[in-house]
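Please read the structure below before turning to the comments.
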Amino acid sequence: MASAKQVLVVDDNVDVVESLSALLQCHGYETAAAHNGYEACDWVREAMPKAIIMDLGMPWMDGFGAVRAIRRMPGAQAVPIIALTGSADRDSAKKAVAAGFTQHFSKPLNFDHLNRYLSSLT
């Protein structure tokens with residue numbers, strides 16, 4: 001069973017996954033990693049995380065495809081899924097929320113804002 005503070009970090013950039021996971025772990029979160037939308041879907045099927053932080057632009061299955069697939073999974077409708085993207089514009093945030101993301105953060109990530117948001121979920 002997933003911990004109350006388990007976060008799945010999904011990004012095709014290994015450095016982003018490793019650094020964000022390390023920051024989250026320093027703040028008491030357990031993390032898991034996926035590097036594309038297919039891996040994220042597999043991971044969610046196996047062990048439902050308490051939150052997902054996902055890049056939008058990934059090869060094979062991007063964040064938009066992955067969030068739509070995850071939202072169709074039993075029990076995954078209420079999982080907070082946070083979009084992480086290089087686009088800071090309002091249109092990008094609207095598209096992410098319309099696709100099924102619960103929140104949108106742009107890169108470079110303000111970790112304090114992300115940590116406050118994650119803390120508000122528990």
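Here, residue 1 is the first one in the sequence, and each next residue gets the next number.
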What's the separation between atom [atom1] in [X] and atom [atom2] in [Y], rounded to the nearest 0.5 Å?
{"X": "Lys50", "Y": "Glu30", "atom1": "NZ", "atom2": "CD", "value": "11.0 Å"}
{"X": "Thr31", "Y": "Leu8", "atom1": "OG1", "atom2": "CG", "value": "9.0 Å"}
{"X": "Asn115", "Y": "Asn110", "atom1": "CG", "atom2": "CG", "value": "10.0 Å"}
{"X": "Asn36", "Y": "Met61", "atom1": "CG", "atom2": "CE", "value": "8.0 Å"}

Leu109 and Leu20: CA distance, side-chain angles, deciding distance, side-chain contact (heavy atoms from CB on, under 4.5 Å) verdict: CA-CA 9 Å; Leu109 177 64; Leu20 183 52; 3.7 Å; yes

Over all atoms of both residues, closest heavy-atom pair of [X] and [Y]:
{"X": "Ala40", "Y": "Ala34", "result": "N-CB, 3.6 Å"}
{"X": "Gly57", "Y": "Asp12", "result": "O-OD1, 3.3 Å"}
{"X": "Trp43", "Y": "Met48", "result": "CZ3-C, 4.5 Å"}
{"X": "Met54", "Y": "Ile81", "result": "CE-CG2, 3.9 Å"}
{"X": "Val44", "Y": "Ile52", "result": "CG2-CD1, 3.7 Å"}
{"X": "Leu118", "Y": "Ile53", "result": "CD1-CD1, 4.3 Å"}

Joint cluster assignment, Tyr38 & Phe64, ILVMFWY side-chain distance < 4.5 Å: no

Derivation and outcome, salt bridge (Lys or Arg N to Asp or Glu O under 4.0 Å), residues Asp91 and Lys94: CA-CA 5 Å; Asp91 192 45; Lys94 284 182 184 175; over 6 Å; no

Pair Asp112-Arg116, salt bridge (Lys or Arg N to Asp or Glu O under 4.0 Å): steps then yes or no: CA-CA 6 Å; Asp112 289 335; Arg116 274 198 295 275; 5.4 Å; no

Looking at side-chain heavy atoms only, is the closest gap between [X] and [Y] below 4.5 Å?
{"X": "Glu39", "Y": "Val10", "value": "no"}
{"X": "Leu84", "Y": "Leu114", "value": "no"}
{"X": "Ser92", "Y": "His104", "value": "yes"}
{"X": "Asn13", "Y": "Met58", "value": "no"}
{"X": "Leu56", "Y": "Phe101", "value": "yes"}

Parallel, tilted or perpendicular: ring planes of His27 versus Phe111, cut at 30 and 60 degrees: tilted

